[in-house]
Amino acid sequence: MGLWAIAAIGAFFVKGLCGFANTLVFTSVLGFASDNVNISPVELVLGFPPNLILAWKERKNLEPKVFIPLMAIVLAGSVPGAFFLKNTNAQTLKAAFGFLVVFLGIEMLLREYQKKKSKGSKVVLGIIGLVAGVLSGLFGVGALLAAYVGRVTENSGEFKANFSAVFIAENLFRIILYGVLGIITASTLKQSFMLMPFMLAGLLAGMKSSRALDEKVVKKLVVILLIISGCVMIGKNL
């Protein structure tokens with residue numbers, strides 16, 4: 001339980017600070033000791049309240065033209081992702097998640113050094129949304145979606161508001177889907193509720209720290225650590 005508590009505090013500190021990457025942190029920390037089919041449903045239940053909190057806090061920055069299309073496409077991709085999670089070999093998923101973490105980590109790191117944002121297109125939106133939906137169904141990972149939202153929003157407030165709005169709908173849909181598929185169980189809910197105080201402590205600390213710490217520096221540090229953890233996970237599961 002101790003490792004789960006540490007993972008919850010660290011993951012949601014990052015969520016409060018940056019608005020995303022909580023799932024990557026949570027799953028990377030626990031992936032060495034547990035299978036994704038046990039980690040993802042717990043993180044899903046834990047991640048729903050923070051999305052509500054951040055969306056409400058930044059509600060003035062919500063842009064329907066940004067979050068509504070993404071909502072629809074991400075939901076469509078969540079179904080096949082959930083079926084893969086339930087029916088795929090655990091070791092294969094861990095190795096795949098390691099490659100995913102490294103790929104997304106490199107993409108996020110490179111994006112931090114870009115001075116100009118690239119304009120979003122409907123084709124890119126569709127591809128990113130569907131792939132992000134499948135990844136969300138599998139791991140709850142929204143980093144790929146964050147790469148797109150980060151390009152079509154102007155500041156941290158807009159990013160957190162619209163990203164969280166998309167995942168409020170995605171979380172609700174996936175909670176129902178996981179329940180139907182038997183991925184979320186009574187044990188999952190019990191463990192999630194036991195971790196809630198640690199999640200809230202991390203989230204509130206991250207939100208307060210976002211006023212004092214340089215977000216860019218923290219993001220780069222988190223991304224570098226994620227890339228390292230992804231490489232280790234690949235090595236252990238291939």
message: Minimum heavy-atom separation for Leu189 and Val45, please, with both atom names.
response: CD2-CG2, 4.1 Å

task: Please name the pair of heavy atoms, one in Ala8 and one in Leu46, separated by the smallest distance, quoted to 0.1 Å.
output: CB-CD1, 4.5 Å

field: Heavy-atom pair with the smallest gap, counting every atom of Leu17 and Lys160
entry: O-NZ, 3.3 Å

- request: Give a yes or no on this: more than 12 heavy atoms of other residues, nucleotides or ligands lie within 6.0 Å of atom CZ of Phe198.
  value: no

task: State yes or no: do Tyr178 and Phe193 share one hydrophobic cluster built from I, L, V, M, F, W and Y residues joined by side-chain heavy-atom distances below 4.5 Å, directly or via other members?
output: yes

Gap separating the CG atom of Leu195 from the CD1 atom of Ile9, nearest 0.5 angstrom: 9.5 Å

message: Looking at every non-hydrogen atom in both residues, tell me the closest pair between Pro49 and Met196 and how far apart they are.
response: CG-CE, 4.2 Å

- request: Evaluate the ring planes of Phe167 and Phe163, with Trp represented by its six-membered ring, and classify them as parallel (under 30°), tilted (30 to 60°) or perpendicular (over 60°).
  value: tilted

statement: For Gly47 and Pro50, the nearest pair of non-hydrogen atoms, with its separation, is O-CD, 3.3 Å

- prompt: Between CD1 of Ile184 and OG of Ser192, what distance do you get to the nearest 0.5 Å?
  reply: 7.5 Å

Spatial distance of atom CD1 (Ile175) from atom CD1 (Ile183) [nearest 0.5 Å]: 12.5 Å

task: May I ask you to check whether over 12 heavy atoms, not counting those of Met194, lie within 6.0 Å of atom CE?
output: no

query: Looking just at side-chain N and O atoms, do Asn61 and Asn162 make a donor-acceptor pair shorter than 3.5 Å?
result: no

task: Heavy atoms only: give me the nearest Thr188-Pro41 pair and the separation to one decimal.
output: CG2-CB, 3.7 Å

field: Heavy-atom side-chain proximity of Val29 to Trp4 below 4.5 angstrom
entry: no

